[in-house]
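Keep in mind that what you see is a predicted model, and the values were worked out from it rather than measured. All values below were derived from every heavy atom in this structure, side-chain atoms included, with hydrogens, water molecules and symmetry-related copies excluded.
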Amino acid sequence: MTSENVFSQKDKEQIASMGLSVEQVMEQIQIFREGAVPLKLNRPCTLNDGIRKIEEDEGKALAELHDQGAQAGRMIKFVPASGAASRMFKDWYRIMEAGGLENPDQKVDFLSDLKKYAFFEDLQAVVSESGQNLEELMGDGKISDILSYVLTPAGLAYGELPKALLKFHRSPEGARAAIEEHLVEAALYVKDVAGKCRVHFTVSTEHEKAVAAFLKQIIETYEKRLKVSFDLSLSVQHAYTNTLAVDLNGAPFRNEDGSLVFRPGGHGALLENLNQLNGDIVFIKNIDNVVPDSLKPVTILYKKILGGYLVKLQKDIFDYAALLAVGEVSEEKLAEIVEFCERELSVSFPACFSECSLAERCERVLSKLDRPLRVCGVVRNVGEPGGGPFWVEDESGLLSIQIVEEIQIDGKSEQQRSLWKAATHFNPVDLVCGVRDYQSRKYDLKRFVNSRAISIARKTEKGRDLQALELPGLWNGAMANWNTVLVEIPLETFNPVKTVGDLLRPQHQ
């Protein structure tokens with residue numbers, strides 16, 4: 001199979017327009033044909049076996065280390081914020097299209113809950129602007145009409161907005177959108193000694209202008225209120241991170257006009273955005289995982305604990321790496337460094353390691369230390385969807401700690417499914433990353449990706465089946481060759497909003 005057999009000249013022009021090469025797209029087709037390579041789980045990470053628990057005194061010391069790093073201007077917050085709100089409102093769309101709710105109890109509950117949402121006052125205003133009265137619509141039980149004002153451009157157009165711009169919480173100063181809560185959080189743990197807060201949002205292309213306009217509208221208010229200055233930046237998922245869709249036979253999937261169909265490559269595509277960021281210590285947290293001010297103290301404390309842990313580890317890593325780079329390390333000192341790698345970074349060495357010369361061993365240990373570092377918060381598993389931390393075996397039998405999604409394992413293996421179900425913790429996407437080396441040079445993060453850690457999913461488009469390829473996930477395969485440290489954090493730090501009903505949980509009220 002050659003590109004000449006697969007792609008026309010017009011196809012090649014379309015591929016080039018996206019910043020991709022024909023060779024890259026042919027490699028994607030080959031991946032579809034070979035299939036994804038599942039990870040081999042060895043065992044779940046558990047407390048004291050891959051996961052650390054921080055005691056109170058240690059936590060205070062780590063928080064102080066974090067504050068020193070923040071004051072020095074080392075911290076930046078990176079928020080993947082391209083998620084569309086439409087999925088949040090799937091049930092409300094169904095109710096609107098059905099003409100309302102038939103069940104009297106459900107109708108009473110819906111109307112009673114409506115006033116609890118932080119966007120209720122905005123909804124009142126747009127209904128009034130249209131010449132109607134929201135209280136009257138509620139009294140008449142016109143739920144479908146009410147939902148049209150929530151979801152469509154006739155009202156708030158929430159069904160067409162990104163999650164970032166939805167009003168999540170009430171505050172004394174007024175209702176706050178999710179993106180506003182992230183600004184408030186940033187002021188509490190990433191500001192430097194001059195009061196500057198660096199925050200980066202990744203947004204979808206279609207929402208970039210709306211998000212930029214919203215930030216411009218509110219930024220001065222928040223800077224005055226929080227006594228900080230924000231250094232804000234936005235980026236979009238690059239077209240060249242999109243992947244070709246194929247049909248069930250592995251041939252390129254095409255639109256009715258014959259053009260190729262490319263799809264977003266999943267959150268792993270954001271590695272490119274992270275790689276282009278001029279960062280040092282980068283906190284990553286999803287747009288919908290925020291809480292009102294009353295619950296922020298525990299969230300901020302554990303942000304600082306994670307940050308402080310990274311600062312502490314980095315100092316030792318950098319000191320050891322600098323020694324190894326000079327090449328004058330004794331057997332005794334190397335033994336100390338190896339023990340640090342195994343104890344603190346969960347690094348494993350092959351059996352033949354001890355047979356190598358001192359110079360070879362120093363080189364191998366340096367290669368283990370000289371890579372990006374991430375400290376990941378993990379929470380107790382209470383049935384929430386999402387990946388989790390596992391000890392994973394590579395082809396040579398060496399173990400490493402990885403964040404694994406269920407789609408990455410061999411679902412046909414009873415043993416692997418059993419290990420998956422035995423997980424005690426899961427990944428809430430609450431991590432801090434060190435992306436510079438011991439000489440303060442920024443890593444090229446693309447060097448540390450497991451390019452085979454892709455996933456293939458069955459999708460439909462306009463009634464036709466297709467296969468979609470997702471790039472190695474940002475905190476999964478894209479960071480597979482980083483040094484990874486896991487720290488248990490409390491469940492109350494994880495409060496995602498996946499459906500509109502989640503905003504009724506006590507944590508968001």
message: Atom CD of residue position Q439 - does it have more than 12 heavy atoms of other residues, nucleotides or ligands inside 6.0 Å?
response: yes
- request: Give a yes or no on whether K142 atom NZ has more than 12 heavy-atom contacts from other residues, nucleotides or ligands under 6.0 Å away.
  value: no
message: Can you tell me if R458 has over 12 outside heavy atoms packed within less than 6.0 Å of its CZ?
response: no
task: State, yes or no, whether a side-chain contact exists between Y158 and K167 at a heavy-atom distance under 4.5 Å.
output: yes
- prompt: Taking the side chain from R380 and the backbone from E488, do they hold a donor-acceptor pair closer than 3.5 Å?
  reply: no
field: Note, K498 side chain near K163 side chain (heavy atom, < 4.5 Å)
entry: yes
message: With no hydrogens and no angle check, just 3.5 Å: does a side-chain donor-acceptor pair link Y438 and Q314?
response: no
message: My understanding is that only residues two or more places apart in sequence, or in another chain, count here; which of them pass side-chain hydrogen bond (donor to acceptor under 3.5 Å, both in side chains) with E272?
response: Y240, Q276
task: Of all the heavy-atom pairs spanning G388 and W420, show the shortest one and how long it is.
output: N-CH2, 4.3 Å
- request: Could you tell me how the ring of F448 sits relative to the ring of Y443: parallel (under 30°), tilted (30 to 60°) or perpendicular (over 60°)?
  value: perpendicular
message: Between T424 and N381, do the side chains contain a donor N or O and an acceptor N or O under 3.5 Å apart?
response: no
task: Indicate the ring-plane relationship of Y189 and H66, choosing parallel, tilted or perpendicular according to the 30° and 60° boundaries.
output: tilted
